[in-house]
Amino acid sequence: AFVLIPLVVVAMFLGDLAFLVLALIALILAGVEFYQMARQAGHHPLPLVGIALIALILLDTHFRLNRLREIIVAALVLTMFTALFRRAEKWIVGWALTFVGAFYLGGVGAYFLLVRGLPNGLEWTLLAALSVWAADTAAYFAGTYLGRHGFFNDVSPKKTWEGALGAWSAATLVGGLCALVFGLPV
């Protein structure tokens with residue numbers, strides 16, 4: 001965290017290609033984790049296709065290529081055709097998870113690129129990052145020291161309602177303070 005946070009902040013301040021590279025690295029790693037979780041759950045996604053789509057969505061957004069529709073249609077058709085002939089059991093779930101992961105991660109990542117490109121995009125990006133970091137930190141401490149009531153135990157056995165409330169409170173407080181300090185219209 002002590003090494004990564006300064007790199008993230010520098011990329012946010014630099015914007016443009018530095019922020020694109022940061023987003024590509026972070027979201028490709030998130031894609032790898034998503035597809036590993038899907039495999040651990042017994043599904044068979046196409047991780048290389050999903051990760052390629054994540055990268056293509058981000059690149060299309062950053063460089064304003066406006067080819068996303070063609071990329072998505074080609075990926076859908078080619079993978080559907082391939083999946084039909086693989087005859088794997090429950091292939092459609094793996095196929096669907098490939099695109100859910102790519103659209104979720106690539107789509108959200110694309111919005112971060114678009115927000116950073118706004119006239120006051122640095123401030124909005126800092127607000128989002130600082131709010132998430134505050135939420136994660138508060139969730140950890142509130143969950144560790146106050147947590148008694150679990151939720152989402154099948155996903156993460158250590159998640160608690162107290163941690164979630166701590167995260168929500170910290171994100172709201174930090175987001176509000178950032179908006180005030182940065183003069184953002186909230």
Side-chain angles (χ1 to χ4, degrees), residues 1-41 45 47-63 97-98 100-147 152 155-160 162-184 186:
F2 290 111
V3 174
L4 290 178
I5 289 175
L7 290 175
V8 169
V9 171
V10 167
M12 281 187 220
F13 273 91
L14 292 175
D16 201 34
L17 286 177
F19 195 65
L20 172 63
V21 169
L22 170 72
L24 281 167
I25 291 169
L27 292 167
I28 286 171
L29 290 174
V32 168
E33 183 177 4
F34 176 84
Y35 296 120
Q36 284 176 345
M37 288 189 319
R39 284 196 182 273
Q40 288 173 351
L48 293 178
V49 172
I51 290 166
L53 276 172
I54 291 167
L56 288 170
I57 291 168
L58 294 176
L59 293 168
D60 184 79
T61 301
H62 179 78
F63 292 110
L97 284 170
T98 300
V100 167
F103 295 151
Y104 174 66
L105 295 169
V108 171
Y111 276 103
F112 269 101
L113 294 177
L114 293 171
V115 167
R116 179 58 187 90
L118 294 171
N120 58 354
L122 173 61
E123 291 83 0
W124 283 110
T125 304
L126 285 170
L127 180 145
L130 294 171
S131 296
V132 168
W133 289 334
D136 283 350
T137 303
Y140 173 77
F141 285 109
T144 298
Y145 296 108
L146 304 173
F152 290 129
V155 175
S156 179
K158 294 186 177 183
K159 297 240 184 290
T160 65
E162 294 81 3
L165 184 58
W168 179 81
S169 301
T172 302
L173 178 66
V174 169
L177 286 172
C178 285
L180 185 67
V181 169
F182 298 149
L184 296 172
V186 183

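This chain uses plain numbering: 1 for the first residue, then up along the sequence.
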So do the side chains of F112 and L27 get within less than 4.5 Å of each other, counting heavy atoms only? no
For F182, is the CZ atom crowded, meaning more than 12 foreign heavy atoms sit under 6.0 Å from it? yes
Correct closest heavy-atom pair for I54 and G31 would be CD1-CA, 4.0 Å
Got a second to check how far L105's CG is from L58's CG, nearest 0.5 Å? 9.5 Å
Distance in Å, L20 CG paired with I25 CD1, rounded so as to fall on 0.5 Å steps: 9.5 Å
Side chains of I51 and Y35, heavy atoms from C-beta outward: is any pair under 4.5 Å? yes
Applying side-chain hydrogen bond (donor to acceptor under 3.5 Å, both in side chains), name anything that partners E123, two or more places apart in sequence or on another chain. none
Are the side chains of P47 and Q36 in touch, meaning some heavy atoms are under 4.5 Å apart? no
Which pair of non-hydrogen atoms, one from A129 and one from M12, has the smallest distance, and what is that distance? CB-CE, 3.3 Å
Atom pair CG (N120) and CG (L127), whose distance is rounded to the nearest 0.5 Å: 10.5 Å
Within a strict 4.5 Å, meaning less than it, do heavy atoms of the T144 and K158 side chains meet? no
Closest non-hydrogen contact found for A142 with G163 is CB-CA, 4.0 Å
F34 and L97 have their tightest heavy-atom pair at CE2-O, 3.4 Å
How far does CG of L14 sit from CZ of R116, to the nearest 0.5 angstrom? 8.5 Å
Separation between CH2 of W124 and CG of L184, rounded to the nearest 0.5 Å: 4.5 Å
Of the non-hydrogen atoms in G143 and T160, which two are nearest, and what is the gap between them? CA-OG1, 3.5 Å
Any side-chain heavy-atom pair of T61 and Y111 under 4.5 Å: no
Sequence neighbours excluded and cut-off under 3.5 Å, please list the side-chain donor-acceptor pairs for residues 167-179, or say none.
{"from": "S169", "atom 1": "OG", "to": "L165", "atom 2": "O", "distance (Å)": "2.9"}
{"from": "T172", "atom 1": "OG1", "to": "W168", "atom 2": "O", "distance (Å)": "2.8"}

Determine whether W133 and V8 make a side-chain contact, defined as any pair of heavy atoms from C-beta on separated by less than 4.5 Å. yes
Got more than 12 heavy atoms from elsewhere within 6.0 Å of CZ, F103? yes
May I ask you to test the L59-L24 pair for a side-chain heavy-atom distance under 4.5 Å? yes
Would you say L146 and F141 make side-chain contact, with heavy atoms under 4.5 Å? no
Could you pull out the closest heavy-atom pair between I57 and A102, with the gap in Å? CD1-O, 3.7 Å
Approximate separation, where rounding is to 0.5 Å, of T125 OG1 and L118 CG: 8.0 Å
